[in-house]
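I have placed the structure first, in the form of structure tokens, so that the comments after it can refer back to it.
Remember, it's 1-based here, ligands and their atoms both numbered in the order they're listed.
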Amino acid sequence: MPASSSSSKLEQRPNSNSQNRNIVVLAGGVGGAKLADGVAQIVPPDNLTVIVNSGDDFQHLGLTICPDLDTVVYTLAGIENPETGWGRAGETWRIMAEVGRLGGPEWFKLGDLDLATHLVRSQLLATGHSLTEVTQTLCNKFGIEISVLPMCDQPAPTMIATDQGLMPFQTWFVEQKWQPAVREVVLPDVISTAQVVSCLENADLILIAPSNPFVSIDPILNAYPIRSMLADLAELVVAVSPIIAGEAVKGPAAKMMGEMGMRVSSAAIAQYYGDLIDVFVFDRRDSALLNQEGSLNSLITFQTDTLMNNRQDRRRLAQEILNLAMELLNS
Ligand code: GDP
């Protein structure tokens with residue numbers, strides 16, 4: 001297999017038979033949700049599962065908040081807020097303003113519509129439903145037919161070890177605006193769910209979305225036995241780089257790489273995923289750098305435009321990846 005494929009050829013190939021293959025997307029928030037939406041525009045709902053990071057989840061104002069699950073659900077439902085990258089479009093902020101007036105915490109913004117999700121989820125969790133069940137209920141209410149699964153049902157709080165001490169993920173990410181320099185991401189030992197295990201067992205293709213590898217993808221992989229299933233099963237694993245032109249499209253991925261002693265590049269992301277992946281998709285703006293850094297020997301690489309500015313971009317990128325994957329699966 002050549003080390004690098006040209007996107008122009010792949011764009012011309014027929015759709016192949018991704019319709020019959022079971023596809024799993026591993027997703028954090030924004031980057032993951034956009035790719036998941038691209039795949040959802042192509043693949044029948046019964047053949048697509050999105051496994052979502054729940055390491056960002058936390059308790060706030062007495063409610064269980066699941067930022068990445070909500071970003072994925074809102075994006076798949078077409079009701080996400082494109083300006084913020086979180087929350088819902090057309091939000092109002094009356095409750096938050098009143099929370100502030102009453103002396104409550106305002107650092108984590110929750111819109112009025114968004115709060116309804118957290119209220120219903122928290123109520124269902126309190127009456128004994130699992131996070132998997134609650135997510136299914138919310139998906140049904142938002143008209144989402146594909147399966148969206150949290151990586152696990154038990155709390156799995158990601159902690160960030162920084163130069164200012166150890167702190168919960170949302171304290172670092174939102175309250176401190178990801179400014180304290182990261183030394184290490186600390187993940188708890190958690191066990192995934194029967195639903196996740198079953199969908200991975202039946203997967204033909206696993207897509208690691210262009211999400212933050214350290215705080216979105218690693219928590220998913222760390223939920224036992226997800227990492228070992230990706231390593232041991234025969235399915236094809238494709239990762240998409242979250243780095244474009246040597247920078248993160250959004251958020252702290254590039255800053256974290258530098259602080260943790262990595263080169264800030266797509267090649268470093270590929271090396272970080274290592275043997276876990278078979279194919280690495282990166283942006284054509286990084287091709288010179290990737291060639292210079294080399295050492296991706298056994299990996300199949302594919303370069304294209306990976307920036308997803310709109311729904312058409314999401315679909316195009318997903319289609320190119322699916323075409324390549326179907327060709328590899330059928331060869
Ligand atoms: P978060 O939990 O909302 O931060 O979401 P993710 O971890 O899923 O997404 C954040 C990562 O997605 C960042 O590292 C971004 O660089 C990457 N990202 C966001 N949009 C795009 C895009 O359109 N293309 C690519 N390649 N990466 C993206």
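Side-chain polar atoms of Asp153 and Thr193 form no donor-acceptor pair below 3.5 angstrom. Using modelled atom types and a 3.5 Å distance limit, the side chains of Asp37 and Gln41 yield a donor-acceptor pair. Under the 3.5 Å distance criterion, with hydrogens and angles disregarded, no donor-acceptor pair is assigned to the side chains of Gln195 and Thr132.
Ring-plane geometry between Tyr74 and Phe142 is classed as perpendicular, the angle between the planes exceeding 60 degrees on a 0 to 90 degree scale with a lower cut at 30.
Taking 4.0 Å as the cut-off, Ser241 counts as a neighbour of ligand 1 on heavy-atom distance. Look at Val240 and you'll find every heavy atom at least 4.0 Å from all atoms of ligand 1.
The shortest contact between atom 8 (O) of ligand 1 and any protein heavy atom is with Ser211 OG, 2.6 Å. Among all protein heavy atoms, the one lying closest to atom 13 (C) of ligand 1 is Lys250 O, 3.1 Å. The protein non-hydrogen atom at the shortest distance from atom 9 (O) of ligand 1 is Gly31 N, 3.2 Å. The single protein non-hydrogen atom nearest to atom 28 (C) of ligand 1 is Val249 CG2, 3.5 Å, given as residue, atom name and distance. Atom 17 (C) of ligand 1 has Pro210 O, 3.1 Å as its closest protein atom, hydrogens excluded (heavy atom only). Nearest non-hydrogen protein atom to atom 2 (O) of ligand 1 is Asp68 OD1, 3.0 Å. Nearest protein heavy-atom neighbour of atom 10 (C) of ligand 1: Asn212 N, 4.0 Å. The shortest contact between atom 23 (O) of ligand 1 and any protein heavy atom is with Met308 N, 2.7 Å.
Residue contacts with ligand 1 for Asp283 are absent, since no atom lies close enough (heavy atoms, distance under 4.0 Å). When non-hydrogen atoms are compared, ligand 1 lies under 4.0 Å from neither the backbone nor the side chain of Thr71. Both the backbone and the side chain of Pro242 come within 4.0 Å of ligand 1, counting heavy atoms alone. The proximity of Ala33 to ligand 1, defined as any non-hydrogen pair under 4.0 Å, does not occur for either the backbone or the side chain.
For the residue pair Asp70 and Asp114, the shortest heavy atom distance occurs at OD2-OD1, 4.3 Å. Pro157 approaches Pro155 most closely through the heavy-atom pair CD-C, 3.5 Å. Between Asp218 and Arg227, the closest heavy-atom pair is OD1-NH2, 4.0 Å.
For atom 14 (O) of ligand 1, the candidate residues are Ala253, Ala36, Gly32; the nearest heavy-atom contact is made by Ala253. The heavy atom nearest to atom 25 (C) of ligand 1, considering only Thr306, Asp313, Leu317, is found in Thr306.
Those atoms of ligand 1 that come under 4.0 Å of a heavy atom in Gly28, given as number and element, are 8 (O). Using a 4.0 Å cut-off to heavy atoms of Ala248, the atoms of ligand 1 that qualify are 16 (O). Interface atoms of ligand 1 facing Leu307, defined by a heavy-atom separation under 4.0 Å, are 23 (O), 24 (N). For ligand 1, the atoms closer than 4.0 angstrom to any heavy atom of Ser216 are 2 (O), 6 (P), 7 (O). Atoms of ligand 1 lying under 4.0 Å from any heavy atom of Ile244, numbered from 1 in the order shown and given with element: 24 (N), 25 (C), 26 (N). Using a 4.0 Å cut-off to heavy atoms of Lys34, the atoms of ligand 1 that qualify are 20 (N), 21 (C), 22 (C), 23 (O).
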Test log, rule salt bridge (Lys or Arg N to Asp or Glu O under 4.0 Å), inputs Glu91 and Arg88 = CA-CA 6 Å; Glu91 250 319 348; Arg88 291 185 55 171; 5.5 Å; no
Given side-chain contact (heavy atoms from CB on, under 4.5 Å), test Val281 with Val238 step by step and report yes or no.
-> CA-CA 7 Å; Val281 178; Val238 178; 3.7 Å; yes
Would you please test Asp305 and Arg285 for salt bridge (Lys or Arg N to Asp or Glu O under 4.0 Å) and show each step?
-> CA-CA 8 Å; Asp305 180 358; Arg285 280 156 273 208; 2.7 Å; yes
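Below 3.5 Å of separation, one finds no N or O of Phe173 facing any N or O of ligand 1.
When Ser211, Pro150, Ser216 are each tested for a side-chain contact (heavy atoms from CB on, under 4.5 Å) with Asp68, only one passes: Ser216.
Looking only at distances, a side-chain donor or acceptor of His129 sits under 3.5 Å from a matching main-chain atom of Leu124. Of the possible polar contacts, one joining the Ser228 side chain to the Pro225 backbone as a donor-acceptor pair under 3.5 Å is found.
The existence of a salt bridge linking Arg314 and Glu320 is excluded, since no basic side-chain nitrogen approaches an acidic carboxylate oxygen closer than 4.0 Å.
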